[in-house]
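Have a look at the structure below, then the notes.
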Amino acid sequence: MSIVSEIKPLIVKELKNLYGMDFLEEDLTINTTKPEFEGDYTLVLFSFVKKIKKSPEQLGIEMGEALVKAHPDIFTAFNVIKGFLNLTVSDTYWFNFLQSHFSDSRFGHKPANGKKVIVEYSSPNTNKPLHLGHLRNNFLGWSVAQILKACGYDIIKSCIVNDRGIHICKSMIAWQLFANGATPQSTHTKGDHFVGEYYVKFNDAYKKQVEELVAGGMKKEEAEKDAPIMKRTQQMLFDWEAGKPEVMELWKKMNNWVYEGFDVTYKRIGSDFEKMYYESETYLPGKKFVDEGLKQGVFFKKEDGSVWIDLTDEGLDEKLVLRKDGTSVYITQDLGLAQQKYEDFNYDQSIYVIADEQNYHMKVLKLILQKLGKPYADGIFHLIYGMVELPSGRMKSREGTVVDADEMIEEMVDVARKKTEELGKVKDFTESELKELYDIIALGALKFFLLRVDPKKRMIFNPEESIDFHGFTGPFIQYTHARIKSILRKQSAVGSRQLAVNCLLKLEKSLIIALEQYPAIIEQAVAEHNPSVIAIYIFNLAKSFNTFYTEHSVMNAESEEKKQLRLQLSEMTAHVIASGMGLLGIRVPERM
RNA sequence: GGCCCGGUAGCUCAGCUGAAUAGAGCACAAACCUUCUAAGUUUGGGGUCAUUGGUUUGAAUCCAAUCCGGGUCACCA
């Protein structure tokens, strides 16, 4: 139990004792005391003033005296400034806390709670390689899954691969037209990049044809439909749906190239999935919903045979769920997939990591399932994240103006190597140890960069400014961890006996206070589905340790007792850093 | 146009379930390595919290309106 949740009932009880009034724990505002004031935690008094009819000062003094008297094991002192009651928590309390947790590498984790959550993330298209936006999605999804796991949830990570459709056919047509039988092997190109090149080639050719038609006097809209390459693509989609063997063969061949490429990238960034869904297998079953919805009267059929749902009561529009030709649309597929997932896993909650451009779509999806009375509908949660943009605007695969994921990672590895070589601290590392270290640092920097901001906010990435290794960054925290490990290596075992140290120094105490908050931070991150909460916390913890580190020596402490205390502090800080970074999918090195 | 999201230091962002003088990082200026890793630490300048009004003992935070930016409202996915 955290100190704050331990203190709250005590305060409620004292308020009752002193004034005979009942307050709820939720009504209490308790913050860490600002550094410029004396104390550890602060109770804000204003909210009681009205009911109790005493001045904040008097109220604070009475409460302070009562709390210190009733709980001398927790509170040792207090002061009241304006409407704030600053409470000093006893050093003994902090010693006991440190004592019982410093060696626990799973501090802050919770036991299994029996709830099952499926987290869908990544969800790539098989016509182009992953870019920076996909990385944000992948890191977010993986991290949220990991954070939920730490809180005791049973997690299934899933991925829906958009492996069919007109966009896939575009790459296929372009390959037929321009490749002359070239393959990833023959061109020594990573499979996903290879296919992505043809997607760009398609769009170049298409654009050119449209321009020519427009120059010949055709209207733009018409030209876009009439361009020969587009007509061929539509024919191919039709052939694909009919299962034409040579089209299916090409489709499989090119998708496999892409999967080979994706596998390499996923492995590199640490994305993994318990369950893969493929749109080519799930795009049809959604149609069952249409009959069901019609029978229930949730859907209605228009004269042309198309099927709709009326959401005007909810402030939305009418939404199409089945085309007049009987083929399914995007939302139909998603209805089918939601059902499929529930049948497969019987989940309590289903999280979708999808960019904010699909907010409306996800709202509609959930609403339809609710109207259909599906038991799993309320458990659907859209984890919204903002798009990653360039200073010049949105990234567009079609136009090739994207920051490629693989290239980005390679650049970060390069920077990591250069910086490491400049500093020359790991000259005794083997080649493979160095390679691993560069990977740890490069991906640490990249993941931290993308996870440290609130997922909901869109972010602008400037490729000209490479990601920093100083300040609020992954490497800064990794470095702090390596420093601590360097100290701990000098000591065979950290003693765990009760220490007779009589007082905590300011920097020691603020470190302990920070460590104590870790479990509450994880809870907050879960509640908000927000890894940036962890990133910010771990950064502040690392900063706090660094300040402590420069001010006080561990190995040459004033006394043996102090040395042991600081070793425990160091060990616990290392554990929390490693644990918190682990929740972000970031590894921490022993040395760097 | 309807709906949704955002606007905080030169830049990137915290703070947004109201609470003490609005915080970090980067950049800029300076100081600190015979002492546990200087990828570090310390100090400094830098703000009309988009604007206006309202609620409140108290507003960056809540409410309303306005301005600016983005998304979405497809028989695309």
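Below, chain A is the first sequence line, B the second, and so on; all start at residue 1.
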Sticking with atom C1', work out how far B:C63 lies from B:U42, rounded to a whole angstrom. 44 Å

Atom CD1 of A:Ile484 and atom C1' of B:G40: how far apart are they, to the nearest Å? 13 Å

P gap between B:U57 and B:C67, integer Å: 32 Å

Between N or O atoms, less than 3.5 Å apart, protein on one side and nucleotides 28-30 of chain B on the other: list the pairs.
none

Any side-chain to backbone donor/acceptor pair from A:Thr42 onto A:Asn86? Under 3.5 Å, distance only. no

Could you state the CZ-C1' distance from A:Phe472 to B:G23, rounded to the nearest angstrom? 12 Å

Taken to the nearest whole Å, CG/A:Asn359 to C1'/B:G2 is 16 Å

Can you pull out every ring pair (Phe, Tyr, Trp, His ring centres under 6.0 Å) where at least one residue sits in residues 520-544 of chain A? Sequence neighbours excluded, please. A:Phe381-A:His529, A:Phe472-A:Phe539, A:Phe476-A:Phe539, A:Tyr518-A:Tyr537

Just call it for A:Ser532: base, sugar-phosphate, or nothing, with non-hydrogen atoms closer than 4.0 Å on any strand. nothing

Nearest to the side chain of A:Val453 - B:A19, B:U12, B:C13? B:C13

OP1 or OP2 of B:U42 less than 4.0 angstrom from a side-chain nitrogen or oxygen of A:Thr547, does that happen here? yes

Take the protein atom CZ of A:Phe84 and the nucleotide atom C1' of B:U21, then report the distance between them rounded to whole Å. 12 Å

Quickly work out the A:Gln333 CD to B:A77 C1' distance and round it to whole Å. 8 Å

In short, salt bridge (charged side-chain N to carboxylate O under 4.0 Å, His left out) pairs touching residues 436-461 of chain A with sequence neighbours left out are A:Arg268-A:Asp439, A:Glu389-A:Arg458, A:Glu436-A:Arg587, A:Asp454-A:Lys456

Does the structure show A:Phe37 stacking with B:A20, if we require the centres to be closer than 5.5 Å and the planes to be within less than 30 degrees of parallel? yes

Enumerate, atom names and distances included, each donor-acceptor pair closer than 3.5 Å involving a side-chain atom of residues 417-424 of chain A, sequence neighbours excluded.
residue: A:Arg417; atom: NH2; partner: A:Asp414; partner atom: OD1; Å: 2.7
residue: A:Thr420; atom: OG1; partner: A:Ala416; partner atom: O; Å: 2.6

Expected label for B:C13 (glycosidic angle, syn inside 90° of 0, else anti) would be anti

Please write out the pairs of protein N or O atoms and N or O atoms of nucleotides 35-37 of chain B separated by less than 3.5 Å, giving the distance to one decimal.
residue: B:C36; atom: O2; partner: A:Val554; partner atom: N; Å: 3.3
residue: B:C36; atom: O2; partner: A:Met555; partner atom: N; Å: 3.0
residue: B:C36; atom: N3; partner: A:Val554; partner atom: N; Å: 2.9
residue: B:C36; atom: N4; partner: A:Tyr549; partner atom: O; Å: 2.4
residue: B:C36; atom: N4; partner: A:His552; partner atom: O; Å: 2.5
residue: B:U37; atom: OP1; partner: A:Ser486; partner atom: OG; Å: 2.3
residue: B:U37; atom: OP2; partner: A:Ser486; partner atom: OG; Å: 3.2
residue: B:U37; atom: O2'; partner: A:Tyr479; partner atom: OH; Å: 2.3
residue: B:U37; atom: O2'; partner: A:Arg483; partner atom: NE; Å: 3.0
residue: B:U37; atom: O2; partner: A:Lys425; partner atom: NZ; Å: 2.7
residue: B:U37; atom: N3; partner: A:Met592; partner atom: O; Å: 2.9
residue: B:U37; atom: O4; partner: A:Met592; partner atom: N; Å: 3.1

Sugar-phosphate atoms are those with a prime plus P, OP1 and OP2; base atoms are the rest. Using that split, label each nucleotide of nucleotides 70-76 of chain B B, S or - for protein heavy atoms under 4.0 Å, 5' to 3'. SSSS-BS

Kindly state each residue pair satisfying ring pair (Phe, Tyr, Trp, His ring centres under 6.0 Å) with at least one member in residues 451-470 of chain A, sequence neighbours excluded. A:Phe449-A:Phe461

Stacking check: are the rings of A:Phe46 and B:A19 less than 5.5 Å apart at their centres and under 30 degrees in tilt? yes

Taking atom P in both B:C3 and B:A64, what distance in whole Å separates the two? 12 Å

Applying side-chain contact (heavy atoms from CB on, under 4.5 Å), can you list everything that pairs with A:Thr547, at least two apart in sequence or on another chain? A:Leu507

What I want to find out is whether A:Asp428 reaches A:Arg591 closely enough, with some N-O distance under 4.0 Å, to be called a salt bridge. yes

Respond yes when some side-chain nitrogen or oxygen of A:Lys34 is under 4.0 Å from OP1 or OP2 of B:A20, and no when none is. yes

Think A:Lys82 has a side-chain N or O under 4.0 angstrom from the OP1 or OP2 of B:U57? no

Hey, does the side-chain of A:Asn86 have a donor or acceptor N/O within less than 3.5 Å of a partner on the base of B:A20? yes

Any non-hydrogen side-chain atom of A:His134 less than 4.5 Å from a side-chain atom of A:His131? yes

Output the rounded distance in Å from CD (A:Glu528) to C1' (B:A14). 12 Å

Salt bridge (charged side-chain N to carboxylate O under 4.0 Å, His left out): which pairs involve residues 471-488 of chain A, sequence neighbours left out? A:Lys485-A:Glu590

Test your reading of the model: is there a side-chain donor-acceptor pair from A:Asp304 to the backbone of A:Ser306, 3.5 Å cut-off? yes

Between CG of A:Leu511 and C1' of B:U41 the distance, given in whole Å, is 14 Å

Sorted by first residue and then second, give each salt bridge (charged side-chain N to carboxylate O under 4.0 Å, His left out) pair with at least one member in residues 550-559 of chain A; sequence neighbours left out. A:Glu558-A:Arg566

With sequence neighbours excluded, give me every salt bridge (charged side-chain N to carboxylate O under 4.0 Å, His left out) pair touching residues 355-364 of chain A. A:Glu357-A:Arg394

Pairing annotation in dot-bracket form, given for RNA chain B with Watson-Crick or G-U pairs under 3.5 Å and | for cross-strand partners: ((((((((.[[[[.)...(...]]]].(((((.......))))).....[[[[[..)....]]]]])))))))....

Can you identify which nucleotide, out of B:U12, B:A24, B:A14, has its nearest atom closest to the A:Phe539 side chain? B:A24

Assert: residue with more 5' nearest nucleotide on RNA chain B, out of A:Ile536 and A:Lys419, is A:Ile536

5'-most contact on RNA chain B: A:Asp468 or A:Leu316, nearest heavy atom basis? A:Leu316

With heavy atoms under 4.0 Å as the rule, sort A:Lys457 into base, sugar-phosphate or nothing. base

Between P of B:A24 and CG of A:Asn540, the distance in whole Å: 10 Å

Side chain to side chain contact (heavy atoms under 4.5 Å, CB included) between A:Phe23 and A:Ile52, intermediate numbers included: CA-CA 11 Å; A:Phe23 288 91; A:Ile52 295 175; 4.1 Å; yes

Polar side chain donor-acceptor pair, A:His167 to A:Asn162, under 3.5 angstrom: no

